Amino acid sequence: MTVRPDLKKVLIAGEQGKTVNYERAMGHLGILAETSLHVPDIGDYDGLILPGGGDIDPKLFGQLPGGTRFFDPELDRLQLAVLDAFVMDRKPVLGICKGMQMINIYFGGDICQHLSVSFGHEHRGVDQIHGSRAVKGSFLERLYGESFPVNSAHHQGVECPGRGIEYVQFAPDGVVEGLRHRYLPVTGVQWHPERLCFEQGRKDAVNGAVLLGDFAELVTREL
């Protein structure tokens, strides 16, 4: 395949073969997405997606295991190294599910290893759907309005916010569903927009292509 020189490109900091939904969604939006866990030549990419995945090594946020299930310490550290490279270069970052939690940890926040309300959020054969509320004036309210349903497939969640992090979306039970950095082009959602768009669109939840499209516009903008 010949890649157009003007085609914008994002890195997905994940394991090859496990990020097909993200790659396809970004392709629909005219963005080339490549999956790798190597710290890249930043000049080759216009943005970063931190994808969903398993749990996170509790050592990374100063805790002993207490509700954490399956995690990969090496993977977690590789993803943090890639995230650091993009943050230092002030390039756009979008974290999804685990990726949102990794963003919070990177900036010094922590996570709850097992939510007391996890029954309403965990993946039980299929994604669950629940309502949510966006903070007035946030990027998510701009995209979807104040109240909208999203999908859910997690049992951990962010707690204390990291430096510069603002929480901008909440489930009815108080679980944080979205965040942004005050000064950097870094955002995250706890839900999975890549499973709510194009051929995987659903009638009972928002169109994830709106959020991914907003990220695509950000990476195509000349900084």
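The structure presented is a predicted model; accordingly, all values stated were derived computationally and were not measured.
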Engineer: Taking the basic N atoms (NZ, or NE/NH1/NH2) and the acidic carboxylate oxygens, is any pair closer than 4.0 Å for Asp214 and Arg142?
Structural biologist: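 Here Asp214 pairs with Arg142 in a salt bridge, since their nearest N and O are under 4.0 Å apart.
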Engineer: Looking at His155 versus His121, is the centre-to-centre ring distance below 6.0 Å?
Structural biologist: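 No, too far apart.
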Engineer: Taking atom types as modelled, is there a side-chain donor on Asn151 or Gln128 under 3.5 Å from an acceptor on the other?
Structural biologist: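 No pair is found: no donor N or O on one side chain lies under 3.5 Å from an acceptor on the other.
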Engineer: Report yes if some heavy atom in the side chain of Leu196 is under 4.5 Å from a heavy atom in the side chain of Trp191; otherwise report no.
Structural biologist: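 Of all side-chain heavy-atom pairs linking Trp191 with Leu196, at least one is under 4.5 Å.
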Engineer: Nearest 0.5 Å, what's the NZ-CG distance between Lys8 and Asp46?
Structural biologist: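 So the NZ of Lys8 and the CG of Asp46 are separated by 4.5 Å.
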Engineer: Does one side chain, of Gln169 or Glu141, offer a donor that lies under 3.5 Å from an acceptor on the other?
Structural biologist: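 No donor-acceptor contact under 3.5 Å links the two side chains.
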Engineer: Among side-chain atoms of Thr35 and Gln16, is any donor-acceptor pair under 3.5 angstrom?
Structural biologist: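 Checked: Thr35/Gln16 side chains show no N/O donor-acceptor pair below 3.5 Å.
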Engineer: Would you give the length of the straight line joining atom CG of Leu50 to atom CE of Met102, rounded to the nearest 0.5 angstrom?
Structural biologist: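 Separation between the atoms: 7.0 Å.
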Engineer: Determine whether Leu11 and Leu184 fall in the same hydrophobic cluster, where Ile, Leu, Val, Met, Phe, Trp and Tyr are linked whenever their side-chain heavy atoms lie under 4.5 Å apart.
Structural biologist: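 Yes, Leu11 connects to Leu184 through the hydrophobic network.
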Engineer: So, the side chain of Gln113 versus the backbone of Gly66: is there a donor-acceptor pair under 3.5 Å, distance only?
Structural biologist: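 A pair under 3.5 Å: yes.
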Engineer: Any side-chain heavy atom of Leu211 within less than 4.5 Å of one from Phe139?
Structural biologist: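 Yes; the side chains approach each other to less than 4.5 Å.
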Engineer: State, to 0.1 Å, how close Pro172 and His130 come at their nearest heavy-atom pair, and which atoms those are.
Structural biologist: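 What the structure gives for the nearest pair is CD-ND1, 4.4 Å.
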Engineer: What distance do His154 atom NE2 and Ile96 atom CD1 have between them, rounded to the nearest 0.5 Å?
Structural biologist: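 Taking NE2 in His154 and CD1 in Ile96, the distance rounds to 13.5 Å.
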Engineer: May I ask you to decide whether Asp127 forms a salt bridge with Arg195, counting only side-chain N to carboxylate O separations under 4.0 Å?
Structural biologist: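 Salt bridge: yes.
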Engineer: List the residues meeting side chain to side chain contact (heavy atoms under 4.5 Å, CB included) with Val210, not counting sequence neighbours, and say none if there are none.
Structural biologist: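 Applying side chain to side chain contact (heavy atoms under 4.5 Å, CB included) to Val210 gives Leu143, Tyr144, Asn207.
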Engineer: Do His192 and Cys97 touch side chain to side chain, with heavy atoms closer than 4.5 Å?
Structural biologist: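 They are in side-chain contact.
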Engineer: In plain terms, say whether Arg69 and Glu122 are close enough for a salt bridge, that is, a side-chain N and a carboxylate O under 4.0 Å apart.
Structural biologist: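 Counted as a salt bridge, because a side-chain N and a carboxylate O are separated by less than 4.0 Å.
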Engineer: Any side-chain to backbone donor/acceptor pair from Thr220 onto Ala216? Under 3.5 Å, distance only.
Structural biologist: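 Here the side-chain-to-backbone pair exists.
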Engineer: Mind checking the CZ-CD spacing from Arg180 to Glu166? Nearest 0.5 Å is all I need.
Structural biologist: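 It comes to 5.0 Å.
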Engineer: When you measure from the side chain of Tyr22 to the backbone of Gly52, do you find a donor-acceptor pair of N or O atoms at a distance under 3.5 Å?
Structural biologist: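 Pair found, side chain donor or acceptor close to backbone of Gly52.
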Engineer: Just so I know, are the side chains of Ser152 and Ile129 near enough to count as touching, which here means a heavy-atom distance under 4.5 Å?
Structural biologist: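 Side-chain contact under 4.5 Å: no.
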Engineer: Which class fits the ring pair Phe107 and His181: parallel under 30°, tilted 30 to 60°, perpendicular over 60°?
Structural biologist: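 Ring orientation of Phe107 relative to His181: tilted.
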Engineer: Using a 4.5 Å cut-off on heavy atoms from C-beta on, say whether the side chain of Val10 contacts that of Phe215.
Structural biologist: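 Yes. Closest side-chain heavy atoms under 4.5 Å.
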Engineer: Please determine whether residues Tyr45 and Ile103 belong to a single hydrophobic cluster, defined as Ile, Leu, Val, Met, Phe, Trp and Tyr linked transitively by side-chain heavy-atom distances below 4.5 Å.
Structural biologist: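 Yes, one cluster joins them.
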Engineer: Taking the side chain as every heavy atom from C-beta outward, state whether Asp55 and Phe70 have any atom pair closer than 4.5 Å.
Structural biologist: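 No; the side chains remain at least 4.5 Å from each other.
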Engineer: Partners of Ala85 by side chain to side chain contact (heavy atoms under 4.5 Å, CB included), sequence neighbours excluded?
Structural biologist: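 Side chain to side chain contact (heavy atoms under 4.5 Å, CB included) check on Ala85 returns Val39, Ile42.
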Engineer: First locate atom CD of Glu194, then atom CG of Leu94, and finally report the distance between them rounded to the nearest 0.5 Å.
Structural biologist: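 Result: 9.5 Å between the selected atoms.
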Engineer: Name the one of Asp110, Ile105, Leu75, Asn104 that satisfies side chain to side chain contact (heavy atoms under 4.5 Å, CB included) with Ile56?
Structural biologist: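 The passing option is Ile105.
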Engineer: Do Ile111 and Leu115 share a hydrophobic cluster, counting only Ile, Leu, Val, Met, Phe, Trp and Tyr and linking them when any side-chain heavy atoms are less than 4.5 Å apart?
Structural biologist: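 They do not share one cluster, since no chain of ILVMFWY contacts under 4.5 Å joins Ile111 to Leu115.
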Engineer: Val176 versus Gln190: any side-chain heavy-atom pair under 4.5 Å?
Structural biologist: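 The answer is no, as the side chains (C-beta and beyond) never meet within the 4.5 Å cut-off.
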Engineer: Quick check: are there more than 12 heavy atoms from other residues, nucleotides or ligands sitting under 6.0 Å from CD of Glu74?
Structural biologist: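 No, CD of Glu74 has 12 or fewer neighbouring heavy atoms, counting only those of other groups under 6.0 Å.
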Engineer: Tell me, please, whether Tyr183 has Arg90 positioned over its six-membered ring: NZ or CZ under 6.0 Å from the ring centre and within 45 degrees of its axis?
Structural biologist: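 Pair Arg90/Tyr183 does not count as cation-pi.
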Engineer: Is there a side-chain contact (heavy atoms from CB on, under 4.5 Å) between Leu212 and His28? Walk through the geometry before answering.
Structural biologist: CA-CA 10 Å; Leu212 295 176; His28 278 299; over 6 Å; no
Engineer: List the steps, then state whether salt bridge (charged side-chain N to carboxylate O under 4.0 Å, His left out) holds for Glu23 with Lys9.
Structural biologist: CA-CA 11 Å; Glu23 294 169 3; Lys9 185 163 61 172; over 6 Å; no
Engineer: Let me check something: do Val175 and Val135 share a hydrophobic cluster, defined by ILVMFWY side-chain heavy atoms less than 4.5 Å apart, either directly or through other members?
Structural biologist: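 No, Val175 does not connect to Val135 through the hydrophobic network.
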Engineer: Taking all non-hydrogen atoms of both residues, which atom of Gly178 and which atom of Leu140 are closest, and how far apart?
Structural biologist: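 Scanning both residues, the minimum pair turns out to be CA-CD1, 4.2 Å.
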Engineer: Quick check: closest heavy atoms across Pro65 and Pro58, and the distance to 0.1 Å?
Structural biologist: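 Scanning both residues completely, I find the closest heavy atoms to be CA-CG, 3.9 Å.
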Engineer: Is it true that the side chains of Glu177 and Ser132 contain a donor and an acceptor less than 3.5 Å apart?
Structural biologist: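 Their side chains do not contain a donor-acceptor pair, so the 3.5 Å distance test is not met.
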Engineer: Between Val82 and Val93, is there shared hydrophobic-cluster membership here, with clusters defined by ILVMFWY side-chain heavy atoms closer than 4.5 Å?
Structural biologist: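 Yes, one cluster joins them.
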Engineer: Check step by step if side-chain hydrogen bond (donor to acceptor under 3.5 Å, both in side chains) holds for Lys98 and Gln79.
Structural biologist: CA-CA 11 Å; Lys98 176 191 175 184; Gln79 288 178 323; 3.1 Å; yes
Engineer: Once rounded to the nearest 0.5 Å, what's the spacing between atom CD1 of Ile165 and atom CG of Leu179?
Structural biologist: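 Going from CD1 on Ile165 over to CG on Leu179, the span is 5.0 Å.
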Engineer: Do NZ/NE/NH1/NH2 and the carboxylate oxygens of Asp57 and Lys59 come within less than 4.0 Å?
Structural biologist: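 No salt bridge links Asp57 with Lys59.
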Engineer: Can you give me the closest heavy-atom contact between Phe119 and Arg124, atom names plus distance?
Structural biologist: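 That would be CZ-NH1, 3.1 Å.
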Engineer: Okay, side chain of Tyr167, backbone of Glu159: is any donor-acceptor separation there less than 3.5 Å?
Structural biologist: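 Side chain of Tyr167 to backbone of Glu159, a donor-acceptor pair under 3.5 Å: yes, one is there.
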Engineer: Between Gln156 and Cys112, is there a side-chain heavy-atom distance shorter than 4.5 Å?
Structural biologist: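 Not touching, per the 4.5 Å side-chain cut-off.
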